[in-house]
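One structure is given below, encoded as structure tokens.
Atom set for the values below is all heavy atoms of this structure, side chains included, hydrogens, waters and symmetry mates excluded.
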Amino acid sequence: MTVSTVSYTHLDVYKRQEHGWTVTAVDVSAVALERAAAHAADSRSGHRVTWLQRNLETWVPEERFDLVSAQFLHSTEMPWQRSHRIAADAVRPGGTLLVVGHHPDGLPPWARHAAGSHDTDSHLGTQRYFTAEQLVAELGIAPPEWSVEVAESREREATGPDGQVAILADAVLRATRLKAAD
């Protein structure tokens, strides 16, 4: 059985394609895609990956996927709601949506966005970071169309560029699409 996934993170691509998944990897950056494709070419299953350079604000996938994985999909150029709506819409019935992003209350202290208005892009007038609850509400992830398995904040330890250690928080959502949208 071939299982298909669309991934917005390249580390996830390697894990999936080496386990027999057919992967569609999407990124706005041609450089990121070229680097990821070069790494995948070194593996024996790199042929299972389709690389697409797309504007995640306007891209509409032509197919639906068994797994859509969007990891830390934060942009200074567009509100998070649009790209995550596209991700959710790309999940087929019976498929899984997995989203992990920076929680607005758990950003790294060494990052520029942690020192003040860390959760708002002034030129967009919108939040860049979200909680799992905000993600669920904004995307309408609810019965009868969806079953939510995980919607929570999870902490992790991270090391900054100068060796400093901090506890960060991530917003995590894992949901299964039960039926197609009406």
Side-chain angles (χ1 to χ4, degrees), residues 1-103 128-130 132 134-136 138-142 145-154 156 158 168 170-181:
M1 175 175 155
T2 300
V3 182
S4 62
T5 182
V6 63
S7 295
Y8 296 93
T9 178
H10 303 296
L11 177 59
D12 186 55
V13 166
Y14 307 129
K15 291 178 186 175
R16 304 269 179 243
Q17 53 100 11
E18 288 185 359
H19 288 89
W21 290 62
T22 300
V23 177
T24 301
V26 181
D27 202 299
V28 69
S29 168
V31 172
L33 289 168
E34 288 169 10
R35 288 180 181 166
H39 289 291
D42 293 337
S43 77
R44 61 190 161 139
S45 51
H47 65 280
R48 291 193 185 122
V49 182
T50 300
W51 305 95
L52 299 177
Q53 182 181 5
R54 299 291 186 268
N55 178 336
L56 299 179
E57 188 172 15
T58 59
W59 178 57
V60 178
E62 295 177 7
E63 64 181 297
R64 300 294 175 251
F65 299 91
D66 297 303
L67 171 65
V68 175
S69 175
Q71 309 296 305
F72 301 99
L73 186 56
H74 302 287
S75 171
T76 59
E77 303 301 318
M78 66 181 187
W80 63 266
Q81 293 88 340
R82 175 74 179 133
S83 57
H84 287 84
R85 167 56 45 214
I86 291 169
D89 288 347
V91 178
R92 73 170 43 129
T96 299
L97 173 65
L98 176 62
V99 178
V100 180
H102 295 298
H103 189 287
R128 184 186 323 174
Y129 307 104
F130 48 82
Q134 288 170 321
L135 188 62
V136 166
E138 181 69 32
L139 300 181
I141 304 292
E145 187 179 339
W146 292 92
S147 172
V148 176
E149 286 86 31
V150 176
E152 62 190 27
S153 175
R154 293 190 179 171
R156 63 184 166 92
L168 309 183
D170 298 325
V172 180
L173 170 65
R174 187 182 78 226
T176 300
R177 182 184 291 276
L178 302 175
K179 66 178 200 165

Using 0.5 Å steps for rounding, measure from the [atom1] atom of [X] to the [atom2] atom of [Y].
| X | Y | atom1 | atom2 | answer |
| --- | --- | --- | --- | --- |
| Gln134 | His103 | CD | NE2 | 7.5 Å |
| Phe65 | Thr24 | CZ | OG1 | 4.0 Å |
| Ile141 | Trp146 | CD1 | CH2 | 4.5 Å |
| Ser69 | Leu98 | OG | CG | 5.0 Å |
| Ile86 | Gln81 | CD1 | CD | 12.0 Å |
| Asp27 | Leu52 | CG | CG | 10.5 Å |

Do His84 and Phe130 have ring centroids that are under 6.0 Å from one another? yes
How about His102 and Phe72: are their ring centroids closer than 6.0 Å? yes
Any non-hydrogen side-chain atom of [X] less than 4.5 Å from a side-chain atom of [Y]?
| X | Y | answer |
| --- | --- | --- |
| Val23 | Thr50 | no |
| Trp80 | Glu138 | yes |
| Val91 | Arg64 | no |
| Thr96 | Arg174 | yes |

Given Arg92, which partner from the list Val68, Asp66, Leu67 fulfils the side chain to side chain contact (heavy atoms under 4.5 Å, CB included) test? Asp66
Just by distance, with hydrogens left out, do Gln53 and Ser29 show a side-chain donor and acceptor under 3.5 Å apart? no
Okay, side chain of Arg54, backbone of Pro61: is any donor-acceptor separation there less than 3.5 Å? no
Can you check side-chain contact (heavy atoms from CB on, under 4.5 Å) on Val136 and Leu173, steps first, answer last? CA-CA 8 Å; Val136 166; Leu173 170 65; 3.7 Å; yes
Mind listing the closest non-hydrogen atom pair of Ala88 and Leu97 along with its distance? CB-CD2, 3.9 Å
